[in-house]
Amino acid sequence: MRITLTHTAQLGILILLSLLLLLHLAILLKIIPYKLVWGGRLKSDKDMYRFEIISIVMTAVFLFVVLVQAGILPLDLPKRLITYALWLMAGLFLLNTLGNAVSKNKLEQRLFTPVTVVLAIFSVILALSN
């Protein structure tokens, strides 16, 4: 089997999104302090729960989109819908990159800025290959 750019993007995005899902679950369960995410701007547990639940749902939806696009979940969804979703993901990852770049937390800034750039690039590769 020949490994293509599309296959690399699929595998890379599935790995990164899975790790991000685990990170958000660890934050939700208070294994990791929420001060390390959301630019250090969360002020209460209530804020953390709201934002982390949104993050978990969005990450799960992104995983679902990539699993369908890769043919791992053999659902008969319109190709155009998956392509639009991948472009939306790319845009959201780019916005997230900007947020990470101006984060008050240096760890978030240095670690997650490159991660979201890579996720955006992988999303564009998948959208173009679709």
Item checked: Between OG on residue S123 and CD on residue Q69, distance to nearest 0.5 Å -> 10.0 Å
Check: Are K35 and N105 close enough that some pair of their side-chain heavy atoms sits under 4.5 Å apart?
Finding: no
Margin query: Are L128 and L88 linked, directly or through intermediate hydrophobic residues, by side-chain heavy-atom contacts shorter than 4.5 Å (ILVMFWY only)?
Written below: no
Checklist line | D45 and K30, any side-chain heavy atoms less than 4.5 Å apart | finding: yes
Notebook entry, point to check: Do N100 and T113 meet the criterion of a side-chain donor-acceptor pair at a distance under 3.5 Å?
Noted result: no
Check: So how far is it from R50 CZ to S44 OG, rounded to the nearest 0.5 Å?
Finding: 7.0 Å
Item checked: Where V65 and M89 come nearest, the two heavy atoms and their spacing -> CG1-SD, 3.9 Å
Check: Any idea which heavy atoms bring Q10 and I13 closest together, and the distance?
Finding: O-CG2, 3.3 Å
Margin query: Membership question, hydrophobic clusters at under 4.5 Å side-chain separation (ILVMFWY): are V102 and V115 in the same one?
Written below: no
Note to self: According to side-chain contact (heavy atoms from CB on, under 4.5 Å), who are the partners of L67, at least two apart in sequence or on a separate chain?
What the structure shows: L14, I72, L73
Next item on the list: Might you point out which heavy atoms bring L126 and T6 nearest each other, and give the distance in Å?
Entry: CD2-O, 3.7 Å
Notebook entry, point to check: H24 and I53: side-chain contact (heavy atoms from CB on, under 4.5 Å), yes or no, with the steps?
Noted result: CA-CA 8 Å; H24 288 299; I53 288 170; over 6 Å; no
Check: Is any side-chain heavy atom of L119 less than 4.5 Å from a side-chain heavy atom of L20?
Finding: yes
Checklist line | F122 ring center within less than 6.0 Å of F93 ring center | finding: no
Item checked: Heavy-atom side-chain contact between F112 and L23 under 4.5 Å -> yes
Notebook entry, point to check: Can L92 and M58 be said to form a side-chain contact (heavy atoms from CB on, under 4.5 Å), step by step?
Noted result: CA-CA 10 Å; L92 290 172; M58 288 181 65; 3.7 Å; yes
Notebook entry, point to check: So do the side chains of L28 and Y34 get within less than 4.5 Å of each other, counting heavy atoms only?
Noted result: no
Next item on the list: Would you indicate whether the side-chain heavy atoms of W87 and V124 approach each other to under 4.5 Å?
Entry: yes
Next item on the list: Check whether any side-chain heavy atom of P33 lies under 4.5 Å from a side-chain heavy atom of L36, and answer yes or no.
Entry: yes
Margin query: Could you measure the distance from the CD1 atom of I56 to the CG atom of L25? Nearest 0.5 Å is fine.
Written below: 4.0 Å
Notebook entry, point to check: How far does OG of S103 sit from CG of N96, to the nearest 0.5 angstrom?
Noted result: 10.5 Å
Notebook entry, point to check: Honestly curious: do L111 and L22 fall in one hydrophobic cluster under the side-chain, below-4.5 Å linking rule?
Noted result: no
Notebook entry, point to check: To which residues is L81 joined in a hydrophobic cluster, defined by side-chain heavy-atom contacts under 4.5 Å among Ile, Leu, Val, Met, Phe, Trp and Tyr, whether direct or through other members?
Noted result: none
Item checked: Pairwise distance CE(M48) to NZ(K43) - rounded to 0.5 angstrom -> 14.5 Å
Item checked: Test side chain to side chain donor-acceptor pair (under 3.5 Å) applied to K106 - qualifying residues, sequence neighbours left out -> Q109
Next item on the list: Please report the closest heavy-atom contact between S18 and L63, naming both atoms and the distance.
Entry: OG-CD2, 3.9 Å
Next item on the list: Determine, using the 4.5 Å side-chain heavy-atom cutoff (strictly less than), whether Y84 and L95 are members of one ILVMFWY cluster.
Entry: no
Notebook entry, point to check: Going hydrophobic residue to hydrophobic residue with side-chain gaps under 4.5 angstrom, can you get from I27 over to L19?
Noted result: no
Next item on the list: Given salt bridge (Lys or Arg N to Asp or Glu O under 4.0 Å), test D47 with R41 step by step and report yes or no.
Entry: CA-CA 9 Å; D47 286 344; R41 291 174 178 82; over 6 Å; no
Next item on the list: Take E108 and W38, measure what side-chain hydrogen bond (donor to acceptor under 3.5 Å, both in side chains) needs, and give me the verdict at the end.
Entry: CA-CA 8 Å; E108 183 179 25; W38 292 103; over 6 Å; no
Next item on the list: Would you indicate whether the side-chain heavy atoms of F64 and L17 approach each other to under 4.5 Å?
Entry: no
